[in-house]
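Okay, structure first, notes after.
Counting begins at 1 with the first residue of the sequence.
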Amino acid sequence: MRLTILGGGGFRVPLVYGALLQDHAEGRVTHVVLHDLDAGRLSAVARVLAEQAAGVPDAPEVTATTDLDEALRGADFVFSAIRVGGLKGRADDERVALAEGVLGQETVGAGGIAYGLRTVPVAEDIARRVARLAPEAWVINFTNPAGLVTEAMSRHLGDRVIGICDSPVGLGRRIARVLGANPKEAWIDYVGLNHLGWVRGLRVAGRDELPRLLADPDLLGSFEEGKLFGTDWLRSLGAIPNEYLHYYYFNREAVRAYQQAEKTRGAFLHDQQARFYAEMRNPDAPAWKVWDDTRAEREATYMAENRETAGAGERDEDDLSGGYEKVALALMRAIARDERTTLILNVRNQHTLSVLDTDAVIEVPCLVDANGAHPVTVDPLPDHATGLVCAVKAVEREVLAAARSGSRATAVKAFALHPLVDSVNVARRLVEGYTEVHPGLAYLR
């Protein structure tokens, strides 16, 4: 099989290739095509992959190109992991929002809207090219904001584009672990939007074990989300929220922590990865070691401001191993080999959540087979969650409308309607600020 990775010069590509190296089954990926606009980044990542593959028999062949059409032709699967505007764009997203006293995180609030406005036109162009050049290919979208971008691409690719995220998988794994259950044998009742979902049950052998967790303060406070949200709040909710809901439930504290931090997350990653790619220009640098050391630092500092605000301490060692590449490979294997499995994915709603229309992309457990991902019927969300999901989905729809029309007024509306933006005047200033720093938003008029 031929796998094309868009954003192939991205820092996390070696995680995907490492997972491919461990796959020795029939029908495996034999050729990986890396595509990126930056030839220097492509060269750096290709060096890391070459060291990864050293001594591995039948390692997938790797080629690199800056020609998008060339990369797409003949692809069986396309992983889309682009970052429009680069990490400098993410840092600017954070800076402009924090100057207005609102959150600038890359997928949540004002930062997520700005990133979406930059990314949707590019993602839709990619989707149109896939439909023309590789109509039988399946697109697995890693690009954030994952739900929004997947919905944009689905307008052109239908159900042949599927969004993935490792947050729900990690959350389910942590809950199962503290309950003494095997995560592979547990059914996770999870539903919402990307970075806006809740675990409402965890069934093992037909029995829901979540009430046992919620009733035990010691167990509940022993893992990441218990430390992050606090046991009293989780018991009040009667569910375990995705970690990104910390930005909603503790917004004031999160904004203050980000304003007081020496660097925002985007600025930290921008500087860190700039050092990595600069070091990789040295032909004698040990590519794999340099990459792995950088990765370890990146993982250990994930959501550091939120954990500091909550007094949650350092991340557990078991949570530092990533996971999105495992979700992507499990999804690809299930489709390519008809190995039926269940995964939490970003797919079109169909009739899963009655409060949303059929084309709205949601994040929910899906049965996966050779025909793609099929959302599983779930119980309705409680009112507080329904309200938040509907509000954020409405914002996503305004982002899509602004990206297609180029309407500045619609962009202002998208910002103003977000639950974490507290004034229409702030929304107007955000649009002004973002269009000043992002050339990719010049289309708004």
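- Ring orientation note: the planes of Phe142 and Tyr324 are nearly perpendicular, at an angle over 60° on the 30°/60° scale.
- For Tyr115, there are no ring-ring contact (aromatic ring centres under 6.0 Å, His included) partners two or more places apart in sequence or in a different chain.
- Looking only at side-chain heavy atoms (C-beta outward), Leu20 and Val32 come within less than 4.5 Å of each other.
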| field | Trace of the side chain to side chain contact (heavy atoms under 4.5 Å, CB included) decision for Glu124 with Arg404 | value | CA-CA 10 Å; Glu124 289 202 300; Arg404 293 192 179 109; 2.7 Å; yes

Per-pair distances, 0.1 Å, donor-acceptor, side chain in residues 144-155, under 3.5 Å, sequence neighbours excluded:
residue: Asn144; atom: OD1; partner: Ala146; partner atom: N; Å: 3.4
residue: Thr150; atom: OG1; partner: Asn141; partner atom: ND2; Å: 3.1
residue: Thr150; atom: OG1; partner: Ala146; partner atom: O; Å: 2.7
residue: Glu151; atom: OE1; partner: Val361; partner atom: N; Å: 3.0
residue: Glu151; atom: OE1; partner: Lys393; partner atom: NZ; Å: 2.7
residue: Glu151; atom: OE2; partner: Arg397; partner atom: NE; Å: 2.5
residue: Glu151; atom: OE2; partner: Arg397; partner atom: NH2; Å: 3.0
residue: Ser154; atom: OG; partner: Glu151; partner atom: O; Å: 2.7

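- Looking at Arg41, its side chain never comes within 3.5 Å of a backbone N or O of Ala39 through a donor-acceptor pair.
- Checked by atom type and distance alone, the side chain of Asn242 never pairs as donor or acceptor with a backbone atom of Leu245 at under 3.5 Å.
- With hydrogens and angles left out, the side-chain atoms of His438 and Arg118 include a donor and acceptor closer than 3.5 Å.
- Geometrically, Arg2 does not engage Phe77 in a cation-pi contact, judged by NZ or CZ lying under 6.0 Å from the ring centre and within 45° of the ring axis.
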Donor-acceptor list for residues 4-11 side chains, cut-off 3.5 Å, not counting sequence neighbours:
residue: Thr4; atom: OG1; partner: Ala71; partner atom: O; Å: 2.7

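- Shortest non-hydrogen contact noted between His156 and Ala127 is CB-CB, 3.9 Å.
- With values rounded to the nearest 0.5 angstrom, Tyr277 atom OH is found 9.5 Å from Thr294 atom OG1.
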| task | Evaluate salt bridge (charged side-chain N to carboxylate O under 4.0 Å, His left out) for Arg90 paired with Glu94, printing each intermediate quantity in order. | result | CA-CA 6 Å; Arg90 175 174 177 176; Glu94 295 164 338; 3.5 Å; yes

Side chains of residues 373-383: which donor-acceptor pairs under 3.5 Å do they make with residues two or more places apart or in other chains?
residue: His374; atom: NE2; partner: Asp369; partner atom: OD1; Å: 3.0
residue: His374; atom: NE2; partner: Gly372; partner atom: O; Å: 3.4

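- Judged purely by distance below 3.5 Å, without hydrogens or angles, the side chains of Thr65 and His35 never pair a donor atom with an acceptor atom.
- Residues Val62 and Val33 have side chains not in contact (no heavy-atom distance under 4.5 Å, counting atoms from C-beta outward).
- Not a single donor-acceptor pair under 3.5 Å links the side chain of Ser43 to the backbone N or O of Gly40.
- Of all non-hydrogen atoms in Ala402 and Ala411, the two that sit nearest each other are CB-N, 3.7 Å.
- Between the side chain of Asp208 and the backbone N or O of Leu202, at least one donor-acceptor pair lies under 3.5 Å.
- Atom CD of Glu106 is separated from atom CG of Asp93 by 8.5 Å, given to the nearest 0.5 angstrom.
- Taking the six-membered ring for Trp and thresholds of 30 and 60 degrees, Tyr244 and His195 have nearly parallel ring planes, at less than 30 degrees apart.
- To the nearest 0.5 angstrom, Thr358 atom OG1 is 6.0 Å from His351 atom NE2.
- Of the candidates Leu193, Asn194, Leu345, Ile362 forms a side chain to side chain contact (heavy atoms under 4.5 Å, CB included) with just one, namely Leu193.
- Looking at Glu224 and Arg174, no side-chain N of the basic residue comes within less than 4.0 Å of a carboxylate O on the acidic one, giving no salt bridge.
- To the nearest 0.5 angstrom, Thr264 atom OG1 is 8.5 Å from Leu269 atom CG.
- The CD atom of Gln105 sits 10.0 Å away from atom CZ of Arg265, with the distance rounded to the nearest 0.5 Å.
- Remark: the backbone N or O of Asp23 is paired with a side-chain donor or acceptor of Arg28 at under 3.5 angstrom.
- The heavy-atom pair separating Cys165 from Glu363 by the smallest distance is CB-OE2, 3.6 Å.
- The shortest distance between side-chain heavy atoms of Leu356 and Val389 falls below 4.5 Å.
- Between the CD atom of Gln52 and the CG atom of Leu49 there is a distance of 5.5 Å, given to the nearest 0.5 Å.
- Taking both residues in full, the closest heavy atoms of Ala328 and Ile140 are given as O-CD1, 4.0 Å, listed atom of the first, atom of the second, then distance.
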| query | Yes or no on side chain to side chain contact (heavy atoms under 4.5 Å, CB included) for Glu209 and Arg203, after CA distance, side-chain angles and deciding distance? | reply | CA-CA 6 Å; Glu209 298 291 343; Arg203 294 190 174 276; over 6 Å; no

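- Contact check for Trp291 versus Leu15: side-chain heavy atoms found under the 4.5 Å cut-off.
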| task | Would you sort out whether Gln273 and Arg298 count as a side chain to side chain contact (heavy atoms under 4.5 Å, CB included), showing the intermediate values? | result | CA-CA 9 Å; Gln273 292 191 24; Arg298 173 192 176 114; 2.8 Å; yes

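- Contact of the Leu213 side chain with the Val178 side chain is registered, since non-hydrogen atoms from C-beta on lie closer than 4.5 Å.
- Across every non-hydrogen atom of Leu21 and Pro60, the tightest pair is CD2-CD, 3.8 Å.
- The shortest side-chain heavy-atom distance between Val122 and Thr119 does not fall under the 4.5 Å cut-off.
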Could you give the side-chain donor-acceptor pairs of residues 129-139 under 3.5 Å, partners two or more places apart or in another chain?
residue: Arg129; atom: NE; partner: Asp125; partner atom: OD2; Å: 3.1
residue: Arg129; atom: NH1; partner: Asp69; partner atom: OD1; Å: 2.8

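- Looking at Met332 and Phe79, their side chains come closer than 4.5 Å, going by heavy atoms from C-beta outward.
- In this structure, the side chain of Gln259 engages the main chain of Leu98 through a donor-acceptor pair within 3.5 Å.
- When the ring-ring contact (aromatic ring centres under 6.0 Å, His included) test is applied to Tyr190, no partner is found at least two apart in sequence or on another chain.
- The main-chain N or O of Met280 is found under 3.5 Å from a side-chain atom of Arg47 such that the two form a donor-acceptor pair.
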| task | Determine, stepwise, if the pair Asn346 / Ile164 fulfils side chain to side chain contact (heavy atoms under 4.5 Å, CB included). | result | CA-CA 6 Å; Asn346 287 270; Ile164 67 165; 5.8 Å; no

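- A heavy-atom distance below 4.5 Å is found between the side chains of Leu68 and Leu72.
- Nearest approach of Gly104 to Ala97, heavy atoms of both residues: CA-CB, 3.5 Å.
- Side chain of Asn349 to backbone of Ala360: no donor-acceptor contact under 3.5 angstrom is found.
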| request: Show your working on salt bridge (charged side-chain N to carboxylate O under 4.0 Å, His left out) between Glu100 and Arg429 and close with a plain yes or no. | output: CA-CA 8 Å; Glu100 293 294 337; Arg429 292 196 296 271; 2.9 Å; yes

